[in-house]
Visitor: 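Before I ask anything, here is the structure I am working with.
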Amino acid sequence: MSNFLHLKYEKSVSVTKALTVRFLTKRFIGEYASNFESIYNKHLCLERKQLNLEIYDPCSQTQKAKFSLTSELHWADGFVIVYDISDRSSFAFAKALIYRIREPQTSHCKRAVESAMFLVGNKRDLCHVREVGWEEGQKLALDNRCQFCELSAAEQSLEVEMMFIRIVKDILMNFKLKEKRRPSGSKSMAKLINNVFGKRRKSV
C-alpha cells in the first residue's frame, strides 16, 4: 500500500527550482525559468512505507504570486517556504506566506491537524553578503510552528535531501494523528446510534 503525499513548494522570489531538482536528481542547476509552474513526482520508501510524493512548484516571481492559497490549503499536506538569505525582501515575502498559511482557518478549509511546514534559508554559501540573520529565520519558524534550516542548494546535496525527508516525516506524523482521532469519533457515533436504537427496541 502506498500513500500519496502532496507537498507545496513556495519560493519567495526567483530563488530558482534548485532545491527541488537537487532532491530529485542530486544535480545542481543554477538558473531556471521562473515564470511557469511545475509539478514533480517522486517515489520513495520511508519508514517501511511506499510513498508517492507530488511536489508543486509555483511560479516564483513575486509579482505573479497569489496570496489566496485556498485550493492549496485544501490539498497540500505540507509547505516548504524558501527565502534567499542574501535578499531581505525575499524574507519579508516568506513571512507573509507563512502568516497566510497559519492564519485562523476558515470553515471551508479547516483542517483536523495543522499542515507540516518547513522554512528554508537558501544560499548559505553567500554568507559574506547575508542580509537575513540565522536568528531571524529561527524566530520566525518557532513563532509559527515550522521547522527551520539554512542550507546551500549549490553545495549541500545531502542537507537538501534531509530537509525534504524531515518534512515528509512530519506529514506522516500528521497522518497518524488524524487516524488516531478518527476511531474515537467513530466509536462515539456508534455508541450514540446504539443508545438511540437500543432504547427504541426496549420500548417496543
Visitor: Check whether the side chains of Ser152 and Asp125 place a donor and an acceptor atom closer than 3.5 Å, and report yes or no.
Guide: yes
Visitor: Using atom types as modelled and distance alone, determine if a side-chain donor or acceptor of Asn144 lies under 3.5 Å from a backbone N or O of Cys146.
Guide: no
Visitor: Report yes if the side chains of Asn52 and Asn41 come closer than 4.5 Å at any heavy-atom pair, otherwise no.
Guide: no
Visitor: I want to check something: taking the side chain as every heavy atom from C-beta on, are Glu54 and Tyr40 in contact at a cut-off of under 4.5 Å?
Guide: no
Visitor: Kindly indicate whether the side chain of Leu140, heavy atoms from C-beta on, has any atom under 4.5 Å from the side chain of Phe91.
Guide: yes
Visitor: Roughly how far, to the nearest 0.5 Å, is CG of Leu172 from CD1 of Ile167?
Guide: 11.0 Å
Visitor: With sequence neighbours excluded, tell me which residues meet side-chain contact (heavy atoms from CB on, under 4.5 Å) with Glu131.
Guide: Arg88
Visitor: So how far is it from Gln156 CD to Leu151 CG, rounded to the nearest 0.5 Å?
Guide: 6.0 Å
Visitor: How would you list, by chain and number, every residue that makes a side-chain contact (heavy atoms from CB on, under 4.5 Å) with Asp143, sequence neighbours excluded?
Guide: Lys139
Visitor: Can a salt bridge be assigned to the pair Arg130 and Glu150 using a cut-off of 4.0 Å between side-chain N and carboxylate O?
Guide: yes
Visitor: Going by heavy atoms in the side chains, are Leu51 and His43 under 4.5 Å from each other?
Guide: no
Visitor: Can you get from Val80 to Leu44 by hopping between Ile, Leu, Val, Met, Phe, Trp and Tyr side chains that sit under 4.5 Å apart?
Guide: yes
Visitor: For a 4.5 angstrom cut-off between non-hydrogen side-chain atoms, does Lys95 reach Ile81?
Guide: no
Visitor: Look up atom CD1 in Ile171 and atom OG in Ser115, then write down how far apart they are to the nearest 0.5 Å.
Guide: 8.5 Å
Visitor: Under 4.5 Å between any side-chain heavy atoms of Thr20 and Val160, yes or no?
Guide: no
Visitor: So, are Glu155 and Arg124 salt-bridged, with charged N and O less than 4.0 Å apart?
Guide: no
Visitor: Could you list the residues that satisfy side chain to side chain donor-acceptor pair (under 3.5 Å) with Asp170, not counting sequence neighbours?
Guide: Gln147
Visitor: To the nearest 0.5 Å, how far apart are CG in Leu53 and CZ in Phe23?
Guide: 5.5 Å
Visitor: Heavy atoms, side chains only, cut-off 4.5 Å: are Leu97 and Phe93 in contact?
Guide: yes
Visitor: In Å, rounded to the nearest 0.5 Å, how long is the span from CD of Glu114 to CG of Leu177?
Guide: 11.5 Å
Visitor: Between Asn122 and Ile85, is any pair of side-chain heavy atoms under 4.5 Å apart?
Guide: no
Visitor: Quick one: ring pair (Phe, Tyr, Trp, His ring centres under 6.0 Å) pairs with a partner in residues 113-148, sequence neighbours left out?
Guide: Trp134-Phe148
Visitor: Apply side-chain contact (heavy atoms from CB on, under 4.5 Å) to Ser157 and list each qualifying residue two or more places apart in sequence or on a separate chain.
Guide: Arg22, Lys26
Visitor: Does Leu126 sit in a hydrophobic cluster with other residues, and if so which ones, taking ILVMFWY side chains as linked at heavy-atom separations under 4.5 Å, directly or through other members?
Guide: Val129
Visitor: Rounded to the nearest 0.5 Å, how far does NZ of Lys123 lie from OH of Tyr83?
Guide: 13.0 Å
Visitor: Among the clusters formed by ILVMFWY side chains lying less than 4.5 Å apart, do Tyr99 and Met117 turn up in the same one?
Guide: yes
